[in-house]
Each structure stands twice: as structure tokens, then as C-alpha cells.
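In what follows, a single structure is set out as C-alpha cells and then discussed.
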Amino acid sequence: ESEIKPFELAREALCFAHERADVAIVSSANLGAVLEEWEKHGLLPHTDIVLAQNAGSKAFCIAELLKKGYDPRKVLMCGDAPGDLQAAEKNGVFYFPILVRREKGSWEEFMAEGFGRLLDGTYEGAYQDAKKAAFQVKGMLREEQYCLDAPNLGLVTEKSGLKEVDYVKVDGYRYVRGDVQREEAIM
């Protein structure tokens, strides 16, 4: 059986974004599986917090992060599934699609143009509309994936945000950069 690896350029894109932004992983997968795979492939050092299925839906997790003071116009959800787009729209944040069988090109465009547009305030409007349209046409042509799911990211331009917050509290748990702790154990 061949080893499952991250999509080509995913690590580089994470590193690129993390130099300029907080990076939150928002995944519908099991937390243990996410942490194991991301650690195994050297992706965790390029993230600030990992929120998985036990923290709630993607939309809920993004909403909780926004409560920490992030400007929705400075948050970008990258993903490859309809639920990623829906979570972004529900929270009024931007969406960047990682297109199936076009992952390398998607990450190249993210680094060359998409992320810069988020930072300079030109993501909204025609560019965002084009990204959503491309996903709705090309992104729906899904087949079984043989790579790690595209990182589901909330990219936030205020670099110090998550480092100052240190955790997101959900249902009596604190989610701290991939570490889940019962609230009672912390107090």
C-alpha cells in the first residue's frame, strides 16, 4: 500500500501563509488522525491551532475563531469540499478552492495571487466570485482521493491573533494548538 502524502505544494503554501498570518486547521476529520498525519508530514509547525470534528462543525469552529476578534474580511478558508465553501459563506469569510486533480496549480495560485489579494484587500468581488465559480464547475468533479485532504485552513492576517488568544473554548474544552484539555483540569 502506498503512503498517503500531502498534496504537492501544500506544505510550501502553509509555510508561506504562516509567515504572514495565523493558520487554523479546521477539519471534519478525527483530531487524533489529523494530528498524527500532520505531524508525520511536518505540517503542524506551520499552524497555530487545530480544530477537528470533536470541536464542532467547520462553520461553528470558524465562528468561534471570529469571536476572538478577527475581521471576517481578513479570513480565508481554503478547502476542497462543498462543506468548506458553505462554512465560509455562513461566516461571511472568503473562500479559496483547492481543486481536485488541480491541487498543485491551486496552491501555486494561492501563493502567487490569492493570499496577496487577501492581504491587500482585493479578494472581494470579481476574484472571489471567480474562485467560487471555478470550484462549482471543477471542484464538484470529485473522485476518491489518494492524498491527504486539502488542508482546511482559516488564514487570518493579524499574525499575533491566535498566539495571544492561546485557545478556543468549546463545550467545556479548550483547544490549544492541537491539544485538547478539559476546562476543569485547567482552572
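Partners of K90 by side chain to side chain donor-acceptor pair (under 3.5 Å), not counting sequence neighbours: none found. Residues satisfying the salt bridge (charged side-chain N to carboxylate O under 4.0 Å, His left out) test with E8, not counting sequence neighbours, are K104. By the side chain to side chain contact (heavy atoms under 4.5 Å, CB included) test, P45 is found to be paired with no residue, residues two or more places apart in sequence or in another chain being considered. Judged as a side chain to side chain contact (heavy atoms under 4.5 Å, CB included), and not counting sequence neighbours, the contacts of Q86 are P82. A search for side chain to side chain contact (heavy atoms under 4.5 Å, CB included) contacts involving D120 returns R117, T122, not counting sequence neighbours. Under the salt bridge (charged side-chain N to carboxylate O under 4.0 Å, His left out) criterion, E39 pairs with no residue, sequence neighbours left out. With sequence neighbours excluded, no residue forms a side chain to side chain donor-acceptor pair (under 3.5 Å) with E12. Partners of E108 according to the salt bridge (charged side-chain N to carboxylate O under 4.0 Å, His left out) rule, which considers only residues two or more places apart in sequence or in another chain, do not exist here. Residues passing the side chain to side chain contact (heavy atoms under 4.5 Å, CB included) test with A63, sequence neighbours excluded: N91. Applying the salt bridge (charged side-chain N to carboxylate O under 4.0 Å, His left out) rule to R11 yields no partners; only residues at least two apart in sequence or on another chain are considered. Qualifying ring pair (Phe, Tyr, Trp, His ring centres under 6.0 Å) partners for Y95, counting only residues two or more places apart in sequence or in other chains: F135.
Legend: side-chain hydrogen bond (donor to acceptor under 3.5 Å, both in side chains) pairs involving residues 126-135, not counting sequence neighbours, sorted by first then second residue: E89-K132, E109-Y127, E109-K131.
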